[in-house]
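Predicted, not measured: the structure shown is a model, and the values here were computed from it.
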Amino acid sequence: MSGTSANPASSTPLALIATISRLVTRVTDRITGDRSEFPLLVATVTTEALRRCGIDANVFYGEAAWIEVMENQSVMWAGCWGENTHFWTVTPFGEVVDLNTSVSHRKKSHQNPDHQPKFSPPLLWSKEVPAFYRYNPGGIAEVELDSERDRRWFELCLAEINEKLGDLRSLMETPESELDFPDEPILCPGRRILDDGAQTFRHFDRALAVQGIPERPF
C-alpha cells in the first residue's frame, strides 16, 4: 500500500482503521458471499467493532452516491437515493465510514441496472469527504435483525472480529509500516489515500481527471 499526508489527532487511530477495515471486509465477504449486497450488515458490524474498541460510533441511514468508472472510461453516479436507502457508520470524530464503496461495482445499480462499472471509489474512513462521494443522512438507524439468517451472520461476524482483534494495547503500539490494511484502496483521515496492489485508485482518479465530476444526483 502507498500513501501520503499525516493522520489528524481528532480521528480514529490508524491502527484501528487498518485492523477493523481489514477484518470487517474479509469476514463479511466470506460469510455473505458478497458484502456489496449487504450494506446494513457491514455498517452494523463496523459500528460494533468500533464500540468494542471504546469508540461509540453509530449506524446512519439515508441517501448516498459515489462515482463509478465504466468500461469505456466514462463516469456516472451510482448508489442509493430516492426510494432506496444506504447505510454507513459515523464515528464521534465526525468520520464517515463506508466499507462497501470500493466493491460497489459488483452490485447492480437500482437506477441503472444495465451499466457495467469497472472501477469504484476507495473505501471511505474520513471526516473530509471528497466530491466523488455524496451522503445525505436521514438519521441514526435503529438496527433490527429480523431474520434468523441476518442474526446468524451478525453473530458469526462479531465472534470472528472479537477473536482476531487481539490485544488493543499491543495493536495501538504497532508501527505504521507494519499495519495490515485490506487489499482495497482506502481513503483515511487527512485525505490520505492508500491504494491497493492493482492501483485501482490511480485508474479511478485518472478517469475522473479526464471526465470530470457529473452533476450530482441529489
Side-chain angles (χ1 to χ4, degrees), residues 1 3 5-29 35-36 38-66 79-80 85-104 120-145 154 157-158 160-162 164-174 176 179-182 184-194 201:
M1 312 282 288
S5 187
N7 192 37
S10 58
S11 64
T12 305
L14 197 61
L16 292 185
I17 293 175
T19 302
I20 292 174
S21 62
R22 172 174 49 82
L23 292 177
V24 170
T25 54
R26 287 183 183 176
V27 72
T28 54
D29 259 343
R35 75 180 192 274
S36 69
F38 302 97
L40 177 57
L41 176 68
V42 173
T44 304
V45 173
T46 302
T47 300
E48 287 302 317
L50 281 164
R51 288 177 176 174
R52 302 296 169 93
C53 297
I55 297 177
D56 191 21
N58 288 294
V59 178
F60 273 65
Y61 72 91
E63 298 178 309
W66 45 85
C80 298
T85 302
H86 188 57
F87 299 91
W88 61 92
T89 297
V90 176
T91 73
F93 310 111
E95 299 159 324
V96 175
V97 182
D98 192 339
L99 300 185
N100 264 25
T101 49
S102 67
V103 293
S104 68
S120 303
L123 298 169
L124 178 61
W125 197 310
S126 178
K127 181 163 46 180
E128 300 174 275
V129 179
F132 47 80
Y133 306 97
R134 183 162 171 78
Y135 290 86
N136 181 25
I140 296 175
E142 295 184 5
V143 180
E144 295 183 5
L145 302 174
F154 178 68
C157 289
L158 273 193
E160 182 168 336
I161 286 171
N162 285 336
K164 293 183 176 178
L165 268 176
D167 179 62
L168 289 180
R169 179 176 295 181
S170 175
L171 174 61
M172 296 298 289
E173 294 174 351
T174 304
E176 185 175 322
L179 294 178
D180 187 8
F181 286 84
E184 299 176 24
I186 181 170
L187 174 61
C188 297
R191 289 184 175 268
R192 180 176 186 174
I193 291 284
L194 301 177
F201 178 73

The reported gap from CE in M172 to CG in D167 (rounded to nearest 0.5 angstrom) is 11.5 Å
Side-chain donor/acceptor of T174 to backbone N/O of L171, under 3.5 Å:
yes
Go through F60 and N58 one step at a time and tell me if the side chain to side chain contact (heavy atoms under 4.5 Å, CB included) criterion holds.
CA-CA 6 Å; F60 273 65; N58 288 294; 4.0 Å; yes
For T28 and C157: C-alpha separation, side-chain torsions, deciding distance, then whether side chain to side chain contact (heavy atoms under 4.5 Å, CB included) applies.
CA-CA 7 Å; T28 54; C157 289; 3.9 Å; yes
Distance only, no hydrogens: is a donor on one side chain within 3.5 Å (strictly under) of an acceptor on the other, for T47 and T89?
yes
Quick one: does any side-chain atom of R192 pair with a main-chain N or O of L187 as donor and acceptor, under 3.5 Å?
no
As a quick check of understanding, evaluate side chain to side chain contact (heavy atoms under 4.5 Å, CB included) for V59 and I140, giving each step before the final call.
CA-CA 6 Å; V59 178; I140 296 175; 5.9 Å; no
For the residue pair T91 and A57, what are the closest heavy atoms and their distance?
CA-CB, 4.1 Å
Quick check: does any side chain N or O of T25 sit under 3.5 Å from a backbone N or O of R22, one acting as donor and the other as acceptor?
yes
Please check this pair: side chain of N100 against backbone of V42, looking for a donor-acceptor N/O pair closer than 3.5 Å.
no
Just checking, is any N or O donor in the side chain of D98 or Y135 under 3.5 Å from an acceptor N or O on the other one?
yes
P137 side chain near E63 side chain, heavy-atom distance below 4.5 Å
no
Hey, are the side chains of L123 and P185 touching, using non-hydrogen atoms and a 4.5 Å cut-off?
no
Is any side-chain heavy atom of R26 less than 4.5 Å from a side-chain heavy atom of P182?
no
Could you measure the distance from the CD1 atom of I186 to the CD1 atom of I17? Nearest 0.5 Å is fine.
6.5 Å
Do E95 side-chain atoms and T12 backbone N/O form a donor-acceptor pair below 3.5 Å?
yes
For V103 and S36, work out which heavy atoms get closest and say how close.
O-CB, 3.5 Å
Does the ring centre of F132 sit less than 6.0 Å away from the ring centre of W66?
no
May I ask you to test the E48-I161 pair for a side-chain heavy-atom distance under 4.5 Å?
no
With a 4.5 Å limit on heavy-atom distance, are the side chains of V97 and V90 in contact?
no
Atom OG in S21, atom CG in L99: separation rounded to 0.5 Å?
6.5 Å
Can you check whether C188 reaches L14 side chain to side chain, under 4.5 Å on heavy atoms?
yes
Assess the side chains of T101 and S120: does a donor N or O sit below 3.5 Å from an acceptor N or O?
no
Thinking salt bridges, do K164 and E160 make one under a 4.0 Å N-O criterion?
yes
Does the Y61 side chain pair with the main chain of G138, one donor and one acceptor, at a distance under 3.5 Å?
yes
Using the side chain to side chain contact (heavy atoms under 4.5 Å, CB included) rule, take F201 and S102 through it: C-alpha gap first, then chi angles, then the decisive distance, then the call.
CA-CA 9 Å; F201 178 73; S102 67; over 6 Å; no
Between OG of S170 and CG of L165, what distance do you get to the nearest 0.5 Å?
12.0 Å
Please report the closest heavy-atom contact between L168 and R52, naming both atoms and the distance.
CD1-O, 4.1 Å
Rounding to 0.5 Å, atoms CG (L124) and CH2 (W88) come to a distance of 11.0 Å
Once rounded to the nearest 0.5 Å, what's the spacing between atom OG1 of T46 and atom CZ of F87?
13.5 Å
Exam field: side chain Y133 to backbone P122, donor-acceptor pair closer than 3.5 Å:
yes
Of all the heavy-atom pairs spanning P189 and S126, show the shortest one and how long it is.
CA-OG, 4.3 Å
